[in-house]
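Here is the structure we will look at, set down as structure tokens.
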Amino acid sequence: FAVICADCAHAEMRCASDPKRDRSLKSLAKQGLMVCGKTLYRATLFPAMTERQCEKFEPADVETAQARRAWFLKQAEKVGA
């Protein structure tokens with residue numbers, strides 16, 4: 001079945017333990033991209049709001065998924081404005 005990365009528990013948008021990585025992840029997220037914590041290389045990027053097939057998908061908690069979706073939609077509105 002099709003899923004979106006923004007709804008996945010493995011998707012990374014922030015990194016509290018590494019300020020440099022946190023800045024990079026936040027910058028990528030503003031471009032609509034997320035890093036998957038389950039990929040072999042931690043620099044593999046995926047579009048956050050595009051449906052795709054993924055065997056490693058695990059749903060994030062509802063509040064997290066809703067907050068991510070809202071944030072990405074807000075970012076898309078900024079770009080379209």
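These numbers were taken from a predicted model, which means no experiment stands behind them.
At a threshold of 4.5 Å between non-hydrogen side-chain atoms, the residues Thr44 and Val35 do not count as touching.
Residue Leu25 is grouped with residue Leu45 when hydrophobic side chains (ILVMFWY) are merged at heavy-atom distances under 4.5 angstrom, including chains of intermediate members.
Although no hydrogens or angles enter the test, the distance criterion places a donor-acceptor pair under 3.5 Å between the side chain of Ser24 and the main chain of Lys20.
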Pairs of donor and acceptor atoms involving the side chains of residues 52-60, under 3.5 Å and at least two apart or interchain, shall be tabulated with distances.
from	atom 1	to	atom 2	distance (Å)
Gln53	OE1	Phe1	N	3.4
Lys56	NZ	Lys38	O	3.3
Glu58	OE2	His10	NE2	3.4

What donor-acceptor contacts under 3.5 angstrom involve side-chain atoms of residues 62-76, with partners at least two apart or in another chain?
from	atom 1	to	atom 2	distance (Å)
Thr64	OG1	Asp61	OD1	3.0
Thr64	OG1	Asp61	OD2	2.9
Arg68	NH1	Ala6	O	3.2
Arg68	NH1	Cys8	O	2.6
Arg68	NH2	Ala11	O	3.1
Arg69	NE	Asp7	OD1	2.9
Arg69	NE	Asp7	OD2	3.3
Arg69	NH2	Asp7	OD2	2.6

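Evaluation of the side chain to side chain donor-acceptor pair (under 3.5 Å) rule for Asp22 yields Arg14 as partners, not counting sequence neighbours.
The CE atom of Met49 sits 4.5 Å away from atom CD1 of Ile4, with the distance rounded to the nearest 0.5 Å. Note that OG1 of Thr50 and CE of Met34 are 12.0 Å apart. Values are rounded to the nearest 0.5 Å.
Nearest heavy-atom pair across Glu12 and Gly37 is OE2-CA, 3.4 Å.
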